[in-house]
Protein chains: 2
Amino acid sequence: MKKYSVNTTPLYLTVRNLLLEAIRTEEIGDDGRLPSEGMLCKQFGVSRATIRSALQALENEGVITKRHGSTTVVNTGGLQVKMRIDEFKGFFQLIQESGHRPSIAHKELIRIPHSPQIANLLGLEKDEEFYQLERLFLGDGKPVILASEFIPKSKLIKELTFEEIPESIFELADLYCTNTIAQTITEIRSTIATRDLKERMGLANNETMLKLEEIHYGRQGEPLIFSDILVRDKIIHFHAVRKRY
Amino acid sequence: MKKYSVNTTPLYLTVRNLLLEAIRTEEIGDDGRLPSEGMLCKQFGVSRATIRSALQALENEGVITKRHGSTTVVNTGGLQVKMRIDEFKGFFQLIQESGHRPSIAHKELIRIPHSPQIANLLGLEKDEEFYQLERLFLGDGKPVILASEFIPKSKLIKELTFEEIPESIFELADLYCTNTIAQTITEIRSTIATRDLKERMGLANNETMLKLEEIHYGRQGEPLIFSDILVRDKIIHFHAVRKRY
DNA sequence: AAGTGGTCTAGACCACGTT
DNA sequence: ACGTGGTCTAGACCACTTG
């Protein structure tokens, strides 16, 4: 007899979501303090390990702060954090979360016969061939992100189809690459645009930008794709949450 | 009879450290794949939950990548990541990790009668009084970080003693504030120095900098201190690790 | 089909803060 | 002294990937 999966989302995530909602509406933690883990076990009817997984998730997001012998507290600041640099999934989502309507102004696919620097970053042969996918993203019609993705030809399982390139690099890898992206390491830099770029992005004089140099790794830990992303940080504000342990 | 605490570090952290060392020396995972959790349980003589905690820690650091039905793999890129923006503890450590000898060139403690903007960021009254601690840090004798910490007088439990100000903002709060710092939320911006600043920091023309605007929160989730940090990203390279879930 | 990691439970003891 | 979160175990079942 065929079996049906009724509940695909794990219990602890369900609890996390309920808890977050309860915190937002101040049903729980209205005085900034959460009930003890034992109490929450009873309230949600789950084991302590499950409650702790849910709390763990919320703590990682900066929503709550735990402390050994004391009660767990709500972090009002953490509730409002958006656009965490260690979490963003795609450019559209990013632009949307910063309160603007996303669109693409320009999209270009360029063949790069060889690039020793990028090959070196990805640990490939010097004469490796790349595709460069360059895209200009707008927020409310104004240029906000210029992204260049460098995809080694050797990591492709089929030819890139210009019309069918997903917005997100994760989905691009899912569709076209030898492996999906499991992890990205980003170097965060600042930069000032060249005159050419200034015109293209409609920048003010002396307007600086963030430059994210990202190496995307596959499920086996191997480098897959290199991205070079220019962001107008006047409009897109990146955040990071740092916990003290 | 008096009891003695022999083992203050948790078992799972001991296991994490041993595992990391074994990965580094390629005793374990020489082919990029870790033994199964069951195997590791036997090898280390601990329960699966403990092994999983250790693996969890390594995954958060970007050292390994787990995947549901498959074996856990080593991420070579993650092994080398330093200066994670969501982890740094103090400026000296930061400068050291980037390969330079840290020192302080300038240190100043300024009384700020009121600052509506900063008061607003910290959710305080507009007429709140602050201390501004400004410090210029050098790496190998060259200016690399200019940090301004804004400490509200109302959050102090005793007067700041100029001579006894620790290098790290965490320790400063431990010593002088109503609460220790539990969490920091950083906004990551880029900026270009004013002419004045350029001279002070010996910057090249058109050299841009990273600007970190940090709000430090106490154990009860309340805003404590605001920091404004300028970093020469030509010298200090910040990183972020992003996992796909 | 077999092996792997993901989730969940129940119960125990410990270390830390607060009162 | 008490209540809280931190750690740890043993065992069970499920969901996913791989051969």
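What you are looking at is a predicted structure, and each value in this text was computed from that prediction instead of being measured. The basis for the numbers below is simple: all heavy atoms, side chains too, and nothing from hydrogens, waters or symmetry mates. Residue numbers begin at 1 in each chain, while the letters A, B, ... track the order of the sequences.
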Would you tabulate the side-chain donor-acceptor contacts of residues 63-70 of chain A under 3.5 Å, counting partners in other chains and residues two or more places apart, or write 'none'?
none

- [ ] Give me the residues of residues 31-40 of chain A where at least one heavy atom lies under 4.0 Å from an atom of DNA chain D, by number, or none.
- [x] A:Pro35, A:Ser36, A:Glu37
Partner residues of [X] under the salt bridge (charged side-chain N to carboxylate O under 4.0 Å, His left out) criterion, sequence neighbours left out:
X: A:Glu97; result: none
X: B:Arg52; result: B:Glu37
X: B:Lys153; result: B:Glu129

Calculate the interatomic distance between [X] atom [atom1] and [N] atom [atom2]; express it in whole Å.
X: B:Lys243; N: C:dG6; atom1: NZ; atom2: P; value: 11 Å
X: A:Ile64; N: D:dT4; atom1: CD1; atom2: P; value: 15 Å
X: B:His68; N: C:dG5; atom1: NE2; atom2: C1'; value: 5 Å
X: A:Leu58; N: D:dG5; atom1: CG; atom2: C1'; value: 16 Å
X: A:Arg219; N: C:dG5; atom1: CZ; atom2: P; value: 14 Å
X: B:Leu11; N: D:dT9; atom1: CG; atom2: C1'; value: 11 Å
X: B:Arg16; N: D:dG6; atom1: CZ; atom2: P; value: 18 Å
X: B:Lys66; N: D:dT17; atom1: NZ; atom2: C1'; value: 16 Å

Open item on the list: What residues from residues 46-56 of chain B pass a heavy-atom cutoff of under 4.0 Å to DNA chain C?
Closed with: B:Arg48, B:Arg52
Please list, chain by chain and in numerical order, all residues satisfying side chain to side chain contact (heavy atoms under 4.5 Å, CB included) with [X], sequence neighbours excluded.
X: B:Glu21; answer: B:Thr25
X: B:Cys41; answer: B:Arg48, B:Ile51
X: B:Leu13; answer: B:Pro10, B:Arg16

Open item on the list: Do A:Lys89 and A:Phe170 form a cation-pi contact, if we require the NZ or CZ to be under 6.0 Å from the six-membered ring centre and within 45 degrees of the ring's axis?
Closed with: no
Open item on the list: Taking only side-chain N and O atoms of B:Thr71, does any of them lie within less than 4.0 angstrom of OP1 or OP2 on D:dT18?
Closed with: no
- [ ] On DNA chain C, check which nucleotide each of A:Leu13 and B:Gln220 is closest to and give me the residue with the more 5' one.
- [x] A:Leu13
Task: Per A:Pro10 side chain, nearest of listed nucleotides C:dC16, C:dT7, C:dG5 - done: C:dT7
TODO: Can you figure out which of C:dG5, D:dT7, C:dG17 approaches the side chain of B:Tyr12 most closely?
DONE: D:dT7
TODO: For residues B:Ile28 and B:Val74, determine if any side-chain heavy atom of one lies less than 4.5 Å from a side-chain heavy atom of the other.
DONE: no
